[in-house]
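Have a look at the structure below before the remarks.
Below, chain A is the first sequence line, B the second, and so on; all start at residue 1. Reckoned from all heavy atoms, side chains included, excluding hydrogens, waters and symmetry mates.
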2 protein chains.
Amino acid sequence: MAERRATTTGMLAGTGSTNGGTHAPGRTAERPPSIADVARFAGVSLQTVSRVVNDHPSVRDITRSRVLAAIEQLGYRPNPAARALASGRSKTLGVVALGTNYYGPASTLLGIEAAAQAHGYFVSVAAVHNLDRQSVRQALRRLTSQSVEGLAVIAPYTSAHEVVSSLPRGFPAVVVEGNPNGHVPVVSVDQALGARLATEHLLAQGRGEVFHVAGPDNWLDAQLRTEAWMGVLREAGLTVNPPIVGDWTARSGYEAGQLLAQVPNARAIFAANDPMALGLLLALQERGRRVPDDVAVVGFDDTPESAFFLPPLTTVRQDFERAGQVAVQVLMEQLAGTGTPDQQLIPPTLVVRQSTVPTAS
Amino acid sequence: MAERRATTTGMLAGTGSTNGGTHAPGRTAERPPSIADVARFAGVSLQTVSRVVNDHPSVRDITRSRVLAAIEQLGYRPNPAARALASGRSKTLGVVALGTNYYGPASTLLGIEAAAQAHGYFVSVAAVHNLDRQSVRQALRRLTSQSVEGLAVIAPYTSAHEVVSSLPRGFPAVVVEGNPNGHVPVVSVDQALGARLATEHLLAQGRGEVFHVAGPDNWLDAQLRTEAWMGVLREAGLTVNPPIVGDWTARSGYEAGQLLAQVPNARAIFAANDPMALGLLLALQERGRRVPDDVAVVGFDDTPESAFFLPPLTTVRQDFERAGQVAVQVLMEQLAGTGTPDQQLIPPTLVVRQSTVPTAS
DNA sequence: GTATTTGATGAGAGCGCTAACATCCCTACC
DNA sequence: GGTAGGGATGTTAGCGCTCTCATCAAATAC
């Protein structure tokens, strides 16, 4: 019964009496066309328009093209809020990202976004600026209070883990760069393998024991790299000097380098990421220790710049983009109801450059 | 007209009669409590619950606390889709970001996210992976087909500009790191000032004309830096050698360095970003040109690593976080209907390190 | 003491869309 | 030729929330 609009210019007469009025603010602006407008314009039912928009098969071609023409004509675009409300599907994934511009996490975020886009999904981001449990919990809450269909948590730091496992069981979620924990699948680069590759490569140079500049304790990646480094040394029957713990920054690498430059038998150093390796290079060379002649240095990450450090850095390449891609894949499978493996490990590779082997030239 | 519900386990008694039945898929899962459930539980009307949730002033304290208790008890959380549909407000900002992990754009994205979060807004990201007009247009369309209330476009590359100006006039939007163009306000770091600071600093070293390794042509920042550099040289009455055009990567800086190492009077070089400066440093020093003794180098960005280059890099610091913050501020003002200035320029600062001045020590 | 304002609450409609069901019409089959 | 089957379309009822307006009580004014 009775229309209830007639608010827009150009649809005056004939639109019935019980206007009922819209209550949304900004009435003055022309209300965008709704599915009903399209239906009226095309002379079909509301439902038919919906079918066309959603690519439902059973619509005759003639009808379909008429509707499409109407859509084009009116400039109709479906209202995602209405769609989400009616269907329960928002086509949006939530991502808990890091508030810092670290190479790995930032790349992962981009990888996830790209993959989500490829699957027709939107990405809503909540960045965590402090790595305490509280902040992570809040970010998670922020996102789940959105209508996200699934959640990807970039969680290389330990405090994220238990928070993630507090997610309602059955809610589609994936942890990227995190601990295999409880019921949430995990996608990550194989840190142990990477550290192993780095350490073994240094060992193979015959420079004796390998020193380690580690990442911060509360990062899982740091822990795994340290453990693997330690494991390799133990297997080789070598002394395991306690690692120098940095904080991922070049500065902390520099400080570690100041210390290590004074250690005569520190002739092979594995830094847990590239920026720390950079700081290390600076400190060592400022103190007259030549790289790679006196000391060999390996990093981790293969940031685009590391090939142009002085000297170019041997490092472990992580394919973050791929990690993001796999993470979205895992989410999609959960949304589709297909079972997924518990953990996906992405193998890193060693990139050998001049910080460990003297120039050929 | 017959019921069509009662399919779910466990939503039998207690949930009242006018349950309203869901038709969404996944019925088996318990439907989350709605505002109606809370209202019933608290013995108030639906509307009162809404008022409590939205902090409407005219609710008695007693009522409010009763409702809050019910909310707590039932674990109620407002459904954002329904809210967006009914109110027209989604509390979400769209951000057109870059699909690449460049320091500036990535930092800006984080800055925007942080600021949006502080304003209680969500951020939906669409990354652009190719910088052609087509991709940008698509990203824009993706976001506007979402229910975003406003749009921030990180647009340091030129193709973004005209696309942005195709936005419906009056739609809240802001361009970050872009051209002042038409009706969309712009927030950006003052590139000209930054390049000026860099060039003048080099000039002050008394090393004669300043060479420039520029960013790619299709980047506005690159253009502005090149122009400003040129301007300073002209004012000083010096020769303006054509800039070597790079692509922001350390590799391109390295290649530029290979060329410039052969130019005897290239004793002062301004690189348009830090990674290119890094490549430059490597190439120069590989060829025996000492920095800063033989050649002085200035970068642009002040990435966290540049302080640990070999030698530490003199560079121009851009406060991207602040840019993001201001951008969100501008959006908020538009949403509030307050007028905003057309362009906000954020001044950069010069950070002097050893790549231009010999070590004091 | 009655009229008026103010504050607190409730009722009802509607936001734009989709799911389920109901029709309708055309073809296929015996 | 009648009936079953199936594709195309229409009808209806929500999804969960907010808006406007109405109501009613308490507080204030005259």
Side-chain angles (χ1 to χ4, degrees), chain A residues 1-5 7 18-27 31-40 42-64 66-67 74 76-91 145 147, chain B residues 1-5 7 18-27 31-40 42-64 66-67 74 76-91 145 147:
Chain A
M1 54 190 329
E3 289 276 6
R4 44 176 249 268
R5 48 256 350 223
T7 60
T18 48
N19 177 329
T22 314
H23 49 246
R27 293 289 320 293
R31 185 176 46 72
S34 80
I35 200 171
D37 300 321
V38 176
R40 204 175 309 126
V44 297
S45 81
L46 228 147
Q47 183 55 35
T48 299
V49 177
S50 171
R51 277 192 270 257
V52 169
V53 170
N54 293 289
D55 285 322
H56 189 99
S58 59
V59 178
R60 271 189 313 172
D61 284 352
I62 309 112
T63 315
R64 181 185 306 278
R66 196 153 39 117
V67 171
L74 274 62
Y76 165 76
R77 310 192 34 206
N79 176 322
R83 188 182 277 202
L85 179 57
S87 70
R89 275 177 267 114
S90 62
K91 286 286 179 188
S145 81
S147 319
Chain B
M1 29 205 50
E3 290 270 8
R4 46 183 246 273
R5 57 270 329 235
T7 60
T18 49
N19 171 327
T22 316
H23 51 243
R27 292 292 318 295
R31 185 176 49 70
S34 80
I35 200 171
D37 299 323
V38 176
R40 207 174 305 126
V44 298
S45 81
L46 226 148
Q47 183 52 39
T48 300
V49 176
S50 172
R51 277 192 269 257
V52 169
V53 170
N54 293 290
D55 285 324
H56 189 99
S58 60
V59 178
R60 268 187 315 169
D61 283 352
I62 308 113
T63 315
R64 182 184 306 277
R66 198 153 38 120
V67 171
L74 273 63
Y76 166 76
R77 308 191 37 205
N79 176 322
R83 187 182 279 200
L85 178 57
S87 70
R89 277 176 265 115
S90 62
K91 285 286 179 187
S145 80
S147 320

Pairing residues for [X] by the side-chain hydrogen bond (donor to acceptor under 3.5 Å, both in side chains) criterion, not counting sequence neighbours:
X: A/Arg60; value: none
X: A/Thr48; value: A/Ser45
X: A/Ser50; value: A/Asn54

Which listed nucleotide (D/dC17, C/dC17, C/dG10) is nearest to the side chain of B/Ala82?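 Nearest nucleotide to the side chain: D/dC17.
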
Can you list the residues that meet the side chain to side chain contact (heavy atoms under 4.5 Å, CB included) rule with [X], with sequence neighbours excluded?
X: B/Ala81; value: A/Ala84, A/Leu85, A/Ser147, B/Asn79
X: B/Ser34; value: B/Arg31, B/Ala36, B/Asp37
X: A/Pro78; value: A/Val53, A/Tyr76, A/Arg83

d([atom1], [X]; [atom2], [N]) in whole Å:
X: B/Ile62; N: D/dA25; atom1: CD1; atom2: P; answer: 17 Å
X: A/Ile35; N: D/dT11; atom1: CD1; atom2: C1'; answer: 14 Å
X: A/Asp37; N: C/dG16; atom1: CG; atom2: C1'; answer: 10 Å
X: B/Asn79; N: D/dT18; atom1: CG; atom2: C1'; answer: 13 Å
X: A/Leu85; N: D/dT18; atom1: CG; atom2: P; answer: 12 Å
X: A/Lys91; N: C/dT18; atom1: NZ; atom2: P; answer: 12 Å
X: A/Arg83; N: C/dA19; atom1: CZ; atom2: C1'; answer: 14 Å
X: A/Arg64; N: D/dG7; atom1: CZ; atom2: C1'; answer: 13 Å

Under 4.0 Å from OP1 or OP2 of D/dT9: is there any side-chain N or O of A/Thr63 that close?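 For A/Thr63, the contact criterion (side-chain N or O under 4.0 Å from OP1 or OP2 of D/dT9) is met.
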
Quick check on D/dC19: is either OP1 or OP2 less than 4.0 Å from any side-chain nitrogen or oxygen of B/Arg89?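 Answer yes for this pair, as a side-chain N or O of B/Arg89 is under 4.0 Å from OP1 or OP2.
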
Where along residues 45-53 of chain B does a heavy atom come under 4.0 Å from DNA chain C, residue by residue in number order?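 Here the set is B/Ser45, B/Gln47, B/Thr48, B/Arg51.
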
Go through residues 54-61 of chain A and report each residue with a non-hydrogen atom lying under 4.0 Å from DNA chain C, sorted by number.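 By residue number: A/Asn54.
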
For the student: nearest non-hydrogen atoms of B/His56 and B/Arg64, plus distance: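 For B/His56 and B/Arg64, the tightest heavy-atom pair comes out as O-NH2, 3.1 Å.
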
With rounding to the nearest 0.5 angstrom, report the CZ to CG distance, A/Arg51 to A/Leu46.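 These two atoms lie 10.5 Å from each other.
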
